[in-house]
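The block underneath contains the structure these notes are about, expressed in structure tokens.
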Amino acid sequence: MGREAVLGAYRALLRASRKSFAGDNLMVTGSASEIRRKFEENRNISPDTTDIQKLIDEALEASHFISTMIVQAKLSPSGGYEVKPSKEHAGATLEIPSEEILPKSV
């Protein structure tokens with residue numbers, strides 16, 4: 001496994017999170033920091049082991065999950081939340097978060 005495969009997985013995760021969290025700077029920067037941290041944790045894994053391929057596969061799977069399973073709800077002027085899934089979300093099931101984790105309107 002080469003450096004190119006690792007960088008490709010890293011970039012795929014960053015692209016997926018930027019697209020899924022577009023307009024939410026806190027989530028974009030927070031997810032980028034978390035992605036970076038996870039890759040840094042595994043920086044010293046030898047490229048000659050099967051562990052590196054497993055980590056790359058997990059990163060690509062996470063990228064796919066973020067792209068197809070996460071949709072950000074936006075607060076509408078009426079006080080409710082609107083969800084606008086794109087074509088990447090076709091076939092996904094909708095899970096609505098509980099009221100406890102949604103911020104209360106002021």
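Salt bridge Glu40/Arg37: absent, no basic N to carboxylate O contact under 4.0 Å.
Considering only heavy atoms from C-beta on, Ile52 stays 4.5 Å or farther from Ser46 through its side chain. The closest side-chain heavy-atom distance from Phe21 to Ile70 is below 4.5 Å.
The main-chain N or O of Met27 is found under 3.5 Å from a side-chain atom of Asp24 such that the two form a donor-acceptor pair. Not a single donor-acceptor pair under 3.5 Å links the side chain of Ser63 to the backbone N or O of Ala59. At least one donor-acceptor pair closer than 3.5 Å links the side chain of Thr29 to the backbone N or O of Leu26.
Leu7 is not connected to Ile66 by any chain of hydrophobic side-chain contacts under 4.5 Å among Ile, Leu, Val, Met, Phe, Trp and Tyr, and they are in different clusters.
A distance of 10.5 Å separates CD1 in Ile56 from CG in Asn42, rounded to the nearest 0.5 Å. Atom CG of Leu13 is separated from atom CZ of Arg36 by 13.5 Å, given to the nearest 0.5 angstrom. Here the straight-line distance linking atom CG of Leu55 with atom NZ of Lys38 works out to 10.0 Å at 0.5 Å rounding. A distance of 15.5 Å separates CZ in Phe65 from CG in Leu60, rounded to the nearest 0.5 Å.
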> Does the pair Ser17 and Val28 meet the rule for a side chain to side chain contact (heavy atoms under 4.5 Å, CB included), with working shown?
Replying inline: CA-CA 6 Å; Ser17 67; Val28 170; 5.9 Å; no
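Other residues, nucleotides and ligands contribute at most 12 non-hydrogen atoms within 6.0 Å of the CD atom of Glu61.
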